[in-house]
> 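Can you read through this structure? Questions will come right after.
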Amino acid sequence: MAAGSGRYVRYLLFAVFGLAVLFFISRSSIPFPDTAGLVNLNPSKEGSKAPDTVQDASPPPPEAPAEKAPPADERANATFVTLARNSDVWEIAKSIRQVEDRFNRNYHYDWVFLNDKPFDDTFKKTTTALVSGKTHYGLIPKNHWSYPDWIDQDKAKKVREDMGQRKIIYGDSVSYRHMCRYESGFFFRHPLMEQYDYYWRVEPSIDLYCDISFDPFKFMRDNKKKYSFVLSLYEYYETIPTLWDSVKKFMKEHPEHIAEDNSLSFLSDDGGKTYNKCHFWSNFEIGDLNWLRSDAYVDYFDSLDHDGGFFYERWGDAPVHSIAAALMLKRDEIHFFNEIGYYHVPFTHCPTGEQTRLDLKCHCNPNDNFDWKGYSCTARFFEMNNMDKPAGYEDEQE
Ligand SMILES: Nc1nc2c(ncn2[C@@H]2O[C@H](COP(=O)(O)OP(=O)(O)OP(=O)(O)O)[C@@H](O)[C@H]2O)c(=O)[nH]1
Ligand SMILES: [Mg+2]
């Protein structure tokens, strides 16, 4: 009996000793998030200089508190918007994190996610944790993501098979066509988008290279801009052989929608007879939702949609939006953001001008900047608008 109780006492002592060791190890190696009173988390605040005695303190919590959002009257009525599948979650997480770190952590704009299938919990949990504004998740109505009744589906299928054989990028894809049609004509009419005036489109897998030291939404609003871009290029002809015919038909039927001071010369080198295939790359866009919801744009989309090229060819939302902006907006309503460093495979927009890149803490290589290279249309945009190209552009031409 005595030997037995001695053994229990020994076990107890071992257990207490073990717990003490564990406690000691954990105190010295795991950073404690709550260091309030020890570490100065916001050195810019007056009178909050860190005391000298704390250089050995635990690291600051995972993220210093964001600055307070600007007052409501200084903010635009705007949202980020992303069309995505559940399987895009980790790639959109990467994009969101960069948008937040470079801009939105100081502004807390909302984010609308749209999908042709219901978003799952992982998608919602992950993105809500990353976005500093409110998040909204919308299901796309069936009639916005299916064949309209005037489309001959057999004909569309044959086109896909043919484009697949010719190895045209996404040429054989049904979902890609629904996606392009949705981005061209419907995302801005989703009920979740109705409450906003401006949108900023964000795709999975992008990079933002520089701090955004101003509010682009407010810039758009205050300067009456309706469409903006960072990259432009030539479209693959095989995807849009009859798009321009369709556009010309629309222009003839609706001359009232064509702006007087338009940017036709961005699109055409022969006064509108043919399309030169220049377009703004729509995976990045900041734009005016009320313009997209206007009669002019909706008439334009309906006219193109009835001609069938979203399914009988493979019209992309980039040329569709760009042609609309160039024809229906005044030239000074379209804006190029040099300051926003951006990447979507395979093109980079790295701001031209060393001082800009340094001031904005950019991490892109200026040699990768696509803007002044032969396959970009951005030089044409500058020339058409009689704008001076940013200093240093000559060094980035090849
Ligand atoms: N819900 C949904 N979203 C889609 C679908 N296909 C594409 N998207 C989204 O639509 C946007 C454009 O699609 P992408 O696949 O990026 O098209 P892309 O930019 O031309 O081509 P990539 O070079 O592959 O990026 C992205 O935000 C996608 O997440 C789809 O079938 N369903
Ligand atoms: Mg993409």
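Treat the numbers as computed from the prediction; the structure is a model and nothing was measured. Order of listing sets the numbers, starting from 1, for every ligand and every atom in it.
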> Looking only at atom types and distance, does a side-chain atom of S268 sit under 3.5 Å from a main-chain N or O of L264, one as donor and one as acceptor?
no

> Going by the ring pair (Phe, Tyr, Trp, His ring centres under 6.0 Å) test, name the single residue among Y342, Y227, F280, F382 that passes it with F336.
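Going through Y342, Y227, F280, F382 one by one, the ring pair (Phe, Tyr, Trp, His ring centres under 6.0 Å) with F336 is satisfied by F382 alone.
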
> Using the side-chain hydrogen bond (donor to acceptor under 3.5 Å, both in side chains) criterion, which residues pair with D359? Sequence neighbours excluded.
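For D359, the residues satisfying side-chain hydrogen bond (donor to acceptor under 3.5 Å, both in side chains) (neighbours in sequence not counted) are Q355.
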
> Can you list every protein residue that has a heavy atom under 4.0 Å from any atom of ligand 1, sorted by chain and residue number?
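Correct list: L83, A84, R85, D88, N115, D116, W145, Y170, S175, Y176, M179, E203, P204, H344, V345.
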
> In a table with atom names and distances, give each donor-acceptor pair under 3.5 Å that connects a side chain of residues 204-214 to protein atoms at least two apart or in another chain.
from: S205; atom 1: OG; to: E91; atom 2: OE1; distance (Å): 3.0
from: D207; atom 1: OD1; to: Q98; atom 2: NE2; distance (Å): 2.9
from: D211; atom 1: OD1; to: R102; atom 2: NH1; distance (Å): 2.7

> Looking only at non-hydrogen atoms, find the nearest pair between Y275 and L267 and report the distance.
CD1-O, 3.2 Å

> Find out whether the Lys NZ or Arg CZ of K225 is both under 6.0 angstrom from the six-membered ring centre of F219 and within 45° of the ring's axis.
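Because its charged atom misses either the 6.0 Å distance or the 45° angle limit, K225 does not stack over F219.
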
> Here's one to test your reading of the geometry: is the NZ or CZ of R201 within 45 degrees of the ring axis of F80 and under 6.0 Å from its centre?
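No, R201 does not sit over the ring of F80.
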
> Evaluate F301 against R189 for side chain to side chain contact (heavy atoms under 4.5 Å, CB included), listing each step before the verdict.
CA-CA 12 Å; F301 172 75; R189 296 191 253 186; 3.7 Å; yes

> May I ask you to list the protein N, O or S atoms found at less than 2.8 Å from the Mg ion (ligand 2)?
E203 OE1, H344 NE2

> I'd like to know whether C362 forms a disulfide (SG to SG under 2.5 Å) with C350, so could you lay out the CA-CA distance, the side-chain angles of the two residues, the decisive distance to 0.1 Å, and finally the verdict.
CA-CA 8 Å; C362 301; C350 187; 5.9 Å; no

